[in-house]
2 protein chains.
Amino acid sequence: MDKPRVTIHDVAEAAGVAVSSVSRVLSNHPSASPNMKSRVEAAVKQLGYQPDLVAQSLRTGNTRTIGLLMKDLSNPFYGEMLTFLANSMMSAGYNLLMMTSSGDAEGDSKIIEMLNQRRMDGFFLATVTDQSPLLRKTISSCRNPVVLLDRDFTNLDVARVFADHATGVNSATKDLIALGHKNIALMDGSAQIRPARERSNGFLRAINEAKIKNGVGSPINGILSPSSARAKTRELMNLPKSKRPTAIITGSTYVTIGVLEALSDLGLSPGNDLSLVACDDLPWLRVLRPRISTVSRDYQNFGTTAADLMLSLLGGEKPKTITLPTRYEARDTSQPV
Amino acid sequence: MDKPRVTIHDVAEAAGVAVSSVSRVLSNHPSASPNMKSRVEAAVKQLGYQPDLVAQSLRTGNTRTIGLLMKDLSNPFYGEMLTFLANSMMSAGYNLLMMTSSGDAEGDSKIIEMLNQRRMDGFFLATVTDQSPLLRKTISSCRNPVVLLDRDFTNLDVARVFADHATGVNSATKDLIALGHKNIALMDGSAQIRPARERSNGFLRAINEAKIKNGVGSPINGILSPSSARAKTRELMNLPKSKRPTAIITGSTYVTIGVLEALSDLGLSPGNDLSLVACDDLPWLRVLRPRISTVSRDYQNFGTTAADLMLSLLGGEKPKTITLPTRYEARDTSQPV
DNA sequence: TTGAAAGCGATACCAT
DNA sequence: ATGGTATCGCTTTCAA
């Protein structure tokens, strides 16, 4: 039942050679006679020896493991993206130690420190905020390569993968304006992280360029669940007609779900009673009727790009920032006022 | 830039004490004078010392890390569930090393071996199949506690968390039969894993008890993507009327999406032209109209139950199997023939 | 080509 | 209560 662990010493003994020789054979060192090789390999096979990766890490100083921190594995976009990230890293021989964010900067900071203590070879970070000086400092203390996933700590010598949310939302907003909308609501999550800020930027740029005064006012941030999106939407739709939005742009999937629920509550139909653009084009959106207009990003591309970037850093290259496109696609719910 | 790592030796030297004393203070050993304590703590603080967890693992033999293997992080149910699993384990002081399945038994077997070499303190496994002797053998060689996530390797001394798919699907099927359906199709994923098999069982039990001969025949397995579900559905709906299903039960989210796409292609509306029951009640289903009948399981419950079970095993308790309920909820798409 | 031994950074036993 | 030292399992330098 409790078989003893077989170590490199056992192999050496069984083969009648020194441990250093065993190590050489196992790591394909050039100087190893065919005879030595076969003896060691026979012993390895016979004993079913498997190297202890913890000991190996302590000695060599690298773990071949990348730490990953993100807020929320249940976020559909990140879930999809992660599959590709993980697969790319795995086929390059790296593993992922995944941590879910605690929800605040102090907690995330602690997690990153822990990953450091575990000697991670690299870090993928999607922290809960990118505006915290504490987190900024903790990240700067990471001894190994860092790739930020759509987070924008400034003046940090790390790599970044961005999605160009601003351009996509800007196109969407411009299209809605061209369709005659003057009361457009952007409902989004936390402005503590880059994506929501970028969407705001793209949105406001279009509003300002068109020189309309947007009846709804500024982007609405801090909506973190379907239920709060639902409540907020009902509130908006009950405004006096002059301030009531004729179009809504939803920044995240959770918001989209809540908005759709609210519209259903109110007996309003998107595309008909108001226009709607959703950010993130997930599979289930394809089965909704009417077809909802979207601003989409490619999660496969995001995942593999982040992995490639990490691998280049591990290979000694310099950190850089890569921005991936987003695309506005008008469907049934982009309609004239 | 490349600051040297500060070790326990550095702390000992700075404090003018022995390394063993530093270790004692850090692990709250009873015999440590207040004076010693304060000297060490001062040195730790001054140097910013943080223990090396790799070295610690090698010495103590435990990593406080649980290995996790699953097919597909993008599977929405597992994504949601994982959040709760991860949070529970983290608050108990454990981390998760997450691996995505390679797609075949050999690959999964290799991954589990690797996790073993990394000295994981435990294993959460949702392998790509639970019918492989190779995998069975590899799992039995795990030295630390194993919790199977809805996988059913028999005669293995490990813990299991099951969802009672059979009962939920059985209720759904019975309801459809009561509504007059005699041609019911169950479309599902791989029968290599327990969930699809259980759904088949629950389905067939209802069919046989009702003594109807189901026009569609046996459950349809092996549907792994929306596109193949879409193709299969079109094929079914083009059958001669006597064999054409009047109701469909979809075993997974991917299948549900594909079926809905196909129905849209064919100009058929669920609830009206045929009945439909979907397994797994995800948030976005709530915004579809008509409301789709579902067989649901509680992902939060699944995640925390799995975590609690693992923690009990780590605490020395015996492995057991826990089965969690599923629930059939009739909505707008369970209609009379 | 091969073996002996030092060392990675901790913990814990054994003296004192 | 404290210090010295063996040990965890491996890699790598240094001699032979």
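Every value quoted in this text rests on a predicted model; they were computed, and no experiment measured them. Lettering follows sequence order; numbering is per chain, from 1.
Considering only side-chain atoms of Asp52(A), the nucleotide from dG3(C), dC10(D), dT2(D) that sits closest is dC10(D). Side-chain proximity of Thr60(A) to the nucleotides dT11(C), dG3(C), dT11(D) is greatest for dT11(D). For Val19(A), whose side chain is taken as the heavy atoms from C-beta onward, the closest listed nucleotide among dT11(C), dA5(C), dG3(C) is dA5(C). Here the side chain of Leu58(A) is nearest to one of dT2(D), dC8(C), dA4(C), namely dC8(C).
Geometric assessment of Arg64(B) against the ring of Tyr94(B) yields a positive cation-pi assignment under the 6.0 Å and 45° thresholds.
Smallest separation of non-hydrogen atoms from Met310(A) and Phe124(A): CB-CZ, 3.5 Å.
Within the structure, every side-chain polar atom (N or O) of Ser20(B) is placed at least 4.0 Å from both OP1 and OP2 of dG3(D). One finds no side-chain N or O of Ser33(A) lying less than 4.0 angstrom from the OP1 or OP2 phosphate oxygen of dT1(C). Remark: Ser23(A) is in phosphate contact with dT11(D), judged by side-chain N or O atoms under 4.0 Å from OP1 or OP2. Between Gln56(A) and dG9(D) there is no side-chain N or O to OP1 or OP2 distance below 4.0 Å.
Shown here is Glu113(A), whose CD atom has more than 12 heavy atoms of other residues, nucleotides or ligands within 6.0 Å. For NE2 of His9(B), the number of neighbouring non-hydrogen atoms (other residues, nucleotides, ligands) closer than 6.0 Å is 12 at most.
For the atom pair OG1 of Thr7(A) and CZ of Arg5(A), the computed distance is 10.5 Å after rounding to the nearest 0.5 Å.
Between the side chain of Arg24(A) and the base of dG3(C) there is at least one donor-acceptor pair of N/O atoms closer than 3.5 Å. Side-chain N/O atoms of Arg119(A) and base N/O atoms of dG9(C) include no donor-acceptor pair closer than 3.5 Å. One cannot find a donor-acceptor pair under 3.5 Å joining the base of dG9(C) and the side-chain atoms of Arg5(B).
Protein atom CZ of Arg59(A) is 10 Å distant from nucleotide atom P of dG9(C), rounded to whole Å. Rounded to a whole Å, the CD atom of Gln50(B) is 14 Å from the P atom of dG9(C). Atom-to-atom, CD1 of Ile8(A) to C1' of dC8(C) comes out at 15 Å; the value is rounded to the nearest Å. Atoms CG (Leu47(B)) and P (dG9(C)) sit 15 Å apart, rounded to a whole Å. Put simply, CG on Asn35(B) is 11 Å from C1' on dA1(D), counting in whole angstrom units. The interatomic distance linking Arg64(B) (CZ) with dA10(C) (P) rounds to 18 Å, in whole Å. Taking atom OH on Tyr49(B) and atom C1' on dA10(C), their separation rounds to 7 Å, with Å as the unit. Atoms CG (Asn28(B)) and C1' (dA12(C)) sit 16 Å apart, rounded to a whole Å.
Residue Thr7(A) is in sugar-phosphate contact alone, with no base atom involved, counting any heavy-atom pair closer than 4.0 Å across all strands shown. When heavy atoms are screened at a 4.0 angstrom cut-off, Val54(B) is found touching no nucleic acid atom at all.
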task: Please step through side chain to side chain contact (heavy atoms under 4.5 Å, CB included) for the pair Leu148(A) and Arg194(A), ending with a clear verdict.
output: CA-CA 11 Å; Leu148(A) 300 178; Arg194(A) 180 182 180 279; over 6 Å; no
